[in-house]
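Both backbone and side-chain heavy atoms feed into the values below; hydrogens, waters and symmetry mates do not. Just so it is clear: chains get the letters A, B, ... in the order the sequence lines come, proteins before strands, and each one is counted from 1.
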2 protein chains.
Amino acid sequence: MPITKVNENELLDRLTDVFRTYGYEGASLSKISEVTGLQRASLYHRFPGGKEDMAKAVLERAGQWLTGQVLAPLSEPGKPADRIRHMAKELHSFYAGGKHCCLLDSLSFGSDDSDIRQHVQQGMSEWVDKLAKVVREAGVSSKNARQHAQDAISHIQGTLVVARVMKDYGPFERMLSELPTTLLRKKS
Amino acid sequence: MPITKVNENELLDRLTDVFRTYGYEGASLSKISEVTGLQRASLYHRFPGGKEDMAKAVLERAGQWLTGQVLAPLSEPGKPADRIRHMAKELHSFYAGGKHCCLLDSLSFGSDDSDIRQHVQQGMSEWVDKLAKVVREAGVSSKNARQHAQDAISHIQGTLVVARVMKDYGPFERMLSELPTTLLRKKS
DNA sequence: GTCTATAGCTTGATAGAC
DNA sequence: GTCTATCAAGCTATAGAC
């Protein structure tokens, strides 16, 4: 008999799935309970702050994943273009080829000053900063680097929206393959 | 004393606002009632199908707006680049400079086979088709035209996500100003 | 750590007066 | 066409046994 019915990682996997599919309001405790196989009270034992705690934990782990898996290749040795291609490959698996949508999108609706919204904003902000840093190191001017990073993240988000709505994963794939070019372009 | 407390247009304006801000699940009847100034029962008098009817009406009108105001300039006489610039101007006002997010995003969460989701998909599908048609007429190959249309709509959606999350409207503005170039590029 | 049971509120929707 | 009043079902959250 295991100490826990579902281990931490698997639990967070399933929570992530519910939140990104249904959004914060749409992710009811009934759905969460069903998907995780844990009863309401068990969920509250693990996340005393309730649904909000769950969403924050999910965001937290996604951020760590992004930093550790997706952005890590950007800091390794090698030609900038190669490193970005490596990142594109990691992004492809992170978003399951476009079939998984982004938590930064699904959790960014609702009241403007909610706690979750602030976490989402911080997450995207870090993403932009880290990406811009690498682009700058590849020789792009500071202002252009930040814009390229913003544009790349915009395009990632947009192709994921199109993928979700149209079930067409072409734009996402195309965007990834063009990332090295668009990110490292010298002139805007 | 007016026959109706709120006229059709204004009512749909406010409904649009609630749905795009909070998403479908987040747009509770309490919020809707508060924002529109109508009680639940009055809303059900106007929309017998309830919340789903409201969302469909909102989507319907947004689609008409897109066709009539945003895409119309694409069919007028003039150089293709000029027509696209005109469209960009209309898009700018349609999305309030990036401050309004897109219903196709906010209403595309939740169960995969919901009625609303199908309406959303149809809306985006029409948008892609109409945009691709004009790009094709401007001399871009059929396959490239469709890809450019998809990419443009992806980038619109993405910059709107970034705008919502970061409250940074730069990427949206930049994307609009680059639309003529990106849409009419001959090679992908 | 997980469960059953339940409190208390909010939800979407309806009935019927004016 | 709008309202007040109400319903059953859903929601988040908690208490307490094992």
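Computed from coordinates, the B/Phe47 CZ to D/dT2 P distance equals 11 Å when rounded to whole Å. Rounded to whole Å, atom C1' of C/dC9 lies 14 Å from atom CG of A/Leu29. At whole-Å resolution of the value, CG in A/Leu43 and C1' in D/dC11 are 14 Å apart.
Distances shown here put every side-chain N or O of B/Lys5 at or beyond 4.0 Å from the OP1 or OP2 atom of D/dG1. Of the side-chain N and O atoms in B/Tyr44, one or more sit less than 4.0 angstrom from OP1 or OP2 of C/dA13. Taking side-chain N and O atoms only, B/Ser28 has a distance below 4.0 Å to OP1 or OP2 of C/dT11. Remark: B/Thr4 is not in phosphate contact with D/dT2, judged by side-chain N or O atoms under 4.0 Å from OP1 or OP2. Contact annotation: B/Arg40 side-chain N/O to D/dT6 OP1/OP2 distance is not under 4.0 Å.
B/Asp53 has no carboxylate O lying under 4.0 Å from a charged side-chain N of B/Lys56, or vice versa, which leaves the two without a salt bridge. For B/Arg164 and A/Asp112, the salt-bridge test fails: no basic side-chain N is under 4.0 Å from an acidic carboxylate O.
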Quiz prompt | side chain to side chain contact (heavy atoms under 4.5 Å, CB included) assessment of A/Ile156 paired with A/Tyr95 | solution = CA-CA 10 Å; A/Ile156 292 169; A/Tyr95 290 115; 4.1 Å; yes
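The main-chain N or O of A/Asn144 is found under 3.5 Å from a side-chain atom of A/His148 such that the two form a donor-acceptor pair.
The C1' atoms of five pairs define one axis at each end of the helix from C/dG1-D/dC18 to C/dC18-D/dG1, and these two axes lie 0° apart (to 10°).
When each of C/dT2, D/dT2, C/dT4 is scored by its nearest atom to the side-chain atoms of B/His45, the top-ranked nucleotide is D/dT2.
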